[in-house]
Amino acid sequence: MMLFGIGIGVLVGGGLLTLVLKKSAGINKLGMASVVAGNVFVIVAALLGLSGRYAGEVYQFFLPLPVGAVLFSLSPLSSFFLLIIAVVTGLAAVYAPKYLAHYGEMPWRFKAHWLLYNLLAASMMLVVTAQNAVFFMLAWEGMSLSSFFLVLFQNERTKVRRAGWIYLVFTHVGAACLLVMFALLAQVSGSFDFDAMRAAAAGFSPGLKAAIFVLALVGFGMKAGFFPMYVWLPEAHPAAPSHVSAVMSGVMIKTAIYGIVLTLGLLGGGQGTELWMGWTLVVLGLVSGIFGIAFAAVQQNAKRLLAYSSVENIGIIATGLGVWFIGMASSNEVLARLGLMAALLHTVNHALFKSLLFMGAGALQLATETLDLDRMGGLLKKMPRSGLAIIAGAVAISGLPPFNGFVGEFLLYSSVFAQGFGSSLVRAVYVIAILGGLSIIGALAVFTFTKLVGTSLLGEPRTDHAAHAHEVPASMYVPMLVLAGLCLFIGLFPLPVMSALKLVLADSGLAVVGQLPSGIVSSLAAMQWVAFALIGLIGVFALVRSRVLSLHKVENTSRHKVGSTTWDCGYHNPTPRMQYTASSFAQPLASFAQPLYSPHRDGSIGPDLFPAPVARKISFPDLILDRAIKPMYSWISRAFETFSIIQHGNTHWYVLYIVIALLAVLFWSFVI
Amino acid sequence: MTSLQNMLLIVVLITDLTMAANSRLGTCINITAIQGFALGFLPLAIGLEKGMNFELVAIAVIGIALRGILFPYILHRSLLNSGTSRELKPIVGYFLSVAIVLVLIFASLWISIRIDFIAPQLLLLSTVALSTIFAGTFFIVGRRLAIMQILGYILLENGIYCMGLAFVQDIPMIVELGVLFDAIVAVFVMSVATNKIHEEFEHFDIQKLDSLKG
Amino acid sequence: MNDILAKLLPLVVALVFAPLAMGIIQKVKAFFAGRKGFPVFQMYRDLYKLMHKGIVYSRSTTWVFRLAPLLVLAVSLIAVAWLPLGGLRGLFSFQGGFIFVAYLFGLARFATLLASLDTASAFEGMGANREALFAILAEPATLLAFAALILTSGNSSLWGAISWGQESSFAEFGVVPLLALVSFFILALSENSRIPVDDPTTHLELTMIHEVMILDNSGPDLAYIEYASALKVWFYLVLMANIITAIFSISGWAQILAMFGFAFLLAGIIGVVESSIARLRMKKVPDFIGSAVAFALLALVLEGIL
């Protein structure tokens with residue numbers, strides 16, 4: 001527990017200490033060092049907490065809050081999230097200095113950045129350990145505000161300021177819902193402490209439970225980015241510096257997942273949940289998943305693409321949570337365990353590969369000075385190490401074996417074999433939802449990430465910048481390679497990770513007990529061996545190929561050739577501009593699902609007999625922001641404009657209004 | 001329901017789906033013919049289970065003769081006269097049509113579960129009946145050409161026949177014959193009308209009929 | 001020891017007979033075209049020939065391009081090793097194995113797509129794009145069809161589902177496996193780039209998908225890919241033959257014979273289909289693959305009712 005305190009202290013202290021330094025390089029180094037040092041303490045504390053060392057203990061900070069005390073605990077569940085936060089923020093901090101350096105010499109901005117970054121890390125850690133609603137909300141607000149200011153790093157750009165505002169609005173609408181939720185809970189249980197709420201949960205009425213669930217869903221959903229509420233993600237992530245996007249998308253939105261898990265505990269576990277809550281989460285999750293990845297598939301901006309893909313992954317996690325809720329409500333233990341395990345495992349997985357990919361996007365941005373996929377190409381040859389990490393991340397996020405993304409999805413898939421659905425028809429609906437939804441998500445993810453990798457890393461460079469790109473410094477690609485290694489490790493050795501997760505499931509707040517079904521364990525073990533066999537077979541085939549080639553090299557050297565041009569059906573002078581671009585890759589999908597995307601086309605291909613230079617641009621307006629919220633607001637503002645006829649600017653009239661209003665009120669009060 | 005009856009009903013369901021996916025009018029007519037055969041054999045399959053009698057055989061023979069042979073024949077002839085072979089611009093696209101028919105099947109399943117006097121073993125029958133009725137209505141709404149409207153009407157009639165089977169296991173022969181003769185008259189009248197429309201206007205896109213209004 | 005040998009048998013059979021099935025499809029197509037056609041064993045010779053050629057690598061390509069053929073072949077090998085062959089169990093079998101194998105095919109697809117984008121060729125980019133696009137419908141169809149098949153039997157692995165047909169009357173549920181079979185047949189055509197989705201004999205024209213993606217592969221790499229696609233065709237043939245033998249409850253030695261019979265018969269049917277219908281327009285292909293989804297969905301719903 002001391003360790004955790006020291007860790008938080010180092011983070012906050014280090015952040016403040018950067019304020020005294022003068023040189024950018026020094027500020028960046030100190031900031032990084034303080035995050036790494038603080039996180040080492042937190043990681044050790046989290047590992048101890050995960051093993052159950054601090055289970056059931058609640059600690060009180062000596063300074064009280066206006067309402068209640070500062071209570072926190074390192075239960076296995078909290079430690080689990082703590083570990084993810086510490087690892088990802090630590091690696092992102094290692095990545096940060098060299099990334100920030102390309103902005104130039106801006107000491108004050110860097111000071112502010114590191115202070116806010118450290119505060120963001122510390123507040124996230126406090127969110128997942130808080131045991132008191134007031135303290136929780138304070139940490140939550142600290143997290144929202146520090147990340148808001150981090151998004152505004154390049155605040156001289158209009159786009160960044162706009163993104164920041166959208167983020168601020170959404171996060172505060174969510175926070176308002178959470179305030180109401182905790183106020184309701186506190187009113188019924190008579191205390192702001194989570195333990196007291198849990199104890200009082202048995203007496204909650206169904207209506208109250210429903211209200212709390214909906215408030216939690218909206219409140220945490222705004223932060224997590226569930227389907228209609230994801231709007232801020234594709235705006236804020238591209239605007240923020242890459243390592244901040246990595247932290248925000250990788251771990252910050254996961255605190256909302258923690259929040260939903262926490263809410264179920266506050267509702268009293270199995271007795272508190274109802275079937276409709278589970279189905280709501282499953283449907284919401286699958287819809288988020290499909291919409292998120294469908295919109296990711298057509299994006300041309302690498303970070304916007306990744307932001308939409310976060311919506312998809314949050315959707316998969318929400319589906320897992322929904323399966324858990326269904327299992328809890330119908331006392332189906334297998335379903336409950338599979339659902340929660342899938343959700344938690346996918347939380348880890350997404351934290352790893354999404355932060356990796358955001359860092360990768362940052363590396364590509366440094367190398368080519370753009371995030372536009374259509375202006376990249378051929379970068380794998382220039383940046384072999386970061387390219388390797390990005391490819392690993394892309395395979396992992398597409399949910400393909402032998403990487404970690406597959407394991408989480410497999411757990412979710414396996415829930416279709418669970419017994420104990422009410423009727424075979426309900427089961428058929430469940431199977432169709434899970435299998436159909438997840439497989440469409442999977443195939444769209446393959447589409448999206450082959451596009452991302454194929455147009456940025458592979459092929460030929462499309463611009464001069466891309467042609468003269470260089471590998472980023474080691475402090476940037478090493479964190480990415482570490483994350484890629486972790487992705488592969490979880491994919492190849494799922495069983496040790498599962499047993500660590502079992503410790504989390506043993507957390508008293510979750511009310512999930514027992515072992516994983518033996519079918520799953522043997523499946524995972526078998527898949528592990530097949531994955532090794534796959535790697536072995538690849539090795540064998542590679543050996544055979546090189547042996548065969550070297551054999552006939554003796555006979556005839558001229559036939560084996562490296563470095564000819566691509567065979568383009570006889571066309572011998574292909575240019576890089578003839579390649580498929582990200583936009584052309586997206587076009588058939590966009591025309592196939594036209595109503596979903598309603599692509600906006602600027603410029604036209606002229607009908608002239610003699611071709612002249614033309615410019616054409618396709619953009620995909622966001623379904624919610626551009627096609628629902630904005631029209632709604634412009635409608636509202638137009639509706640209110642009708643009132644402008646009473647605004648004359650003539651004082652006499654205004655006095656008349658006041659008199660009329662007074663008379664009306666008087667008249668009304670007499671009549672009533 | 002035996003597996004033979006199930007098999008026939010599934011054929012009906014699949015014909016509904018393939019109708020939605022097909023743009024060729026001739027193929028669509030053949031699909032309804034297949035559906036007519038499947039429905040025609042259904043009384044025989046019931047007879048195999050419960051004991052054959054004259055009424056069932058008669059219904060089967062008349063059903064196959066009309067639904068499987070006569071209607072498609074009439075329609076093929078009026079199609080030949082028209083010179084059109086496919087519906088190129090339906091109101092609802094083909095991919096969406098299949099999706100809609102699938103949703104209709106789900107909806108009919110849900111309704112069948114809700115109707116509590118349908119015995120569980122008749123669930124499939126009533127699902128097929130309802131979804132065929134819905135699919136028929138959908139084709140009347142979602143297609144432009146008059147032939148497709150007639151086919152939609154035939155589907156509707158087939159669905160009603162199935163529904164009758166679901167509610168009352170063996171329909172009195174006279175009722176069934178009544179329904180069938182209604183259908184004959186309707187198909188005749190409609191195909192004559194189609195031919196007339198074609199003669200007058202050189203097409204039979206019913207969307208353009210609104211120019212007739214006075 | 002005997003046990004392991006028996007489990008390896010489906011793999012060995014696949015390795016030996018897969019090119020033959022391709023030969024049969026070719027022969028049937030040649031017959032319908034009024035040609036004599038090349039011998040049914042031609043593919044073995046082709047593979048042998050390719051293994052003795054050199055490889056030409058484009059300047060644009062990276063290690064991704066060199067890795068892909070190895071990965072594709074390894075995945076196909078694992079897939080046929082998993083698939084039960086009649087009464088013979090596959091090399092491994094576990095709950096949800098079909099999901100794993102479907103995702104392995106997904107991995108192979110990922111590698112092929114990247115390799116074709118790696119060549120910087122517009123043609124191969126186009127093929128990659130289409131392959132990725134049609135997979136969006138093919139993936140759910142595959143998983144739903146498998147699920148219908150497996151859940152009907154009350155089992156959790158394909159082996160259980162297929163052998164279950166021996167004991168209990170599969171005919172009772174005959175409709176569901178039949179619909180799954182139709183779904184798999186459509187998938188066999190689309191996933192193996194056969195007519196009406198794609199034409200395996202050409203990479204020109206406007207309907208190129210799979211063949212165009214491997215334009216730049218040569219020598220042993222091309223041999224690996226060709227062999228892998230033969231194995232994939234074999235995978236679908238045996239899968240469908242398995243379902244048919246289970247529907248008819250054939251068991252014992254007759255089952256093994258029936259397996260071969262049906263597998264080669266299905267190869268012939270694919271040949272007939274390829275000779276008798278025209279390639280679909282690109283815009284129509286989603287409708288075709290979508291019908292596989294529709295059949296699989298129908299199978300699952302009926303599985304819920306029956």
Side-chain angles (χ1 to χ4, degrees), chain B residues 1-24 27 31 38 45 86 88-90 92-113 118-131 135 166, chain C residues 133-134 136-138 140-141 144-145 148-149 152-153 165 168-186 190 196-197 246-249 276-278 280-306:
Chain B
M1 295 254 111
T2 61
S3 62
L4 183 60
Q5 292 168 34
N6 280 344
M7 214 60 124
L8 289 172
L9 289 172
I10 302 301
V11 170
V12 174
L13 218 47
I14 291 173
T15 49
D16 288 348
L17 275 172
T18 38
M19 273 278 283
N22 238 301
S23 67
R24 281 173 203 279
T27 318
I31 291 169
R86 60 198 311 176
L88 287 175
K89 280 184 185 164
V92 182
Y94 294 104
F95 194 80
L96 195 58
S97 298
V98 174
I100 288 176
V101 171
L102 267 177
V103 171
L104 290 175
I105 291 173
F106 273 94
S108 352
L109 177 61
W110 186 74
I111 295 170
S112 310
I113 293 167
I118 291 180
Q121 63 268 27
L122 292 179
L123 203 56
L124 181 62
L125 182 56
S126 82
T127 306
V128 170
L130 278 175
S131 46
Chain C
L133 187 67
F134 298 146
I136 297 170
L137 285 168
L144 290 173
L149 197 64
T152 315
S153 67
S168 178
S169 77
F170 216 60
E172 188 184 327
F173 294 96
V175 171
V176 178
L178 212 57
L179 285 174
L181 185 67
V182 174
S183 208
F184 278 127
F185 189 76
I186 296 171
S190 74
V197 173
I247 289 176
F248 291 115
S249 296
S276 56
I277 54 179
L280 289 169
R281 274 189 300 147
M282 256 323 148
K283 278 181 85 173
K284 289 276 171 191
V285 171
D287 299 11
F288 181 71
I289 307 175
S291 63
V293 182
F295 280 116
L297 274 178
L298 204 58
L300 263 175
V301 173
L302 290 173
E303 190 266 327
I305 303 179
L306 296 174

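Just so we're on the same page: letters track the sequence lines, and every chain starts at 1.
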- Contact origin within C:Phe295 toward chain B - heavy atom pairs under 4.5 Å: side chain

- Task: Begin with the C-alpha distance, continue with both residues' side-chain angles, and end with the deciding distance and a verdict on side chain to side chain contact (heavy atoms under 4.5 Å, CB included) for B:Val98 and C:Val293.
- Result: CA-CA 10 Å; B:Val98 174; C:Val293 182; over 6 Å; no

- Query: Does any heavy atom of chain B fall under 4.5 Å from the side chain of C:Leu137, the backbone, both, or neither of them?
  - Reply: side chain

- Item | Residue pair B:Leu102 / C:Val301, side-chain heavy-atom distance below 4.5 Å | no

- Best-contacting candidate, C:Ser291, C:Gly290, C:Ala294, against chain B by heavy atom pairs under 4.5 angstrom: C:Ala294

- Item | Option that, when pairs with chain C are counted at under 4.5 Å, heavy atom only, ranks first among B:Leu13, B:Leu123, B:Leu17, B:Ile14 | B:Ile14

- Matching residue for C:Leu302 among B:Thr127, B:Leu109, B:Leu124, B:Ile105 - test: side chain to side chain contact (heavy atoms under 4.5 Å, CB included): B:Leu124

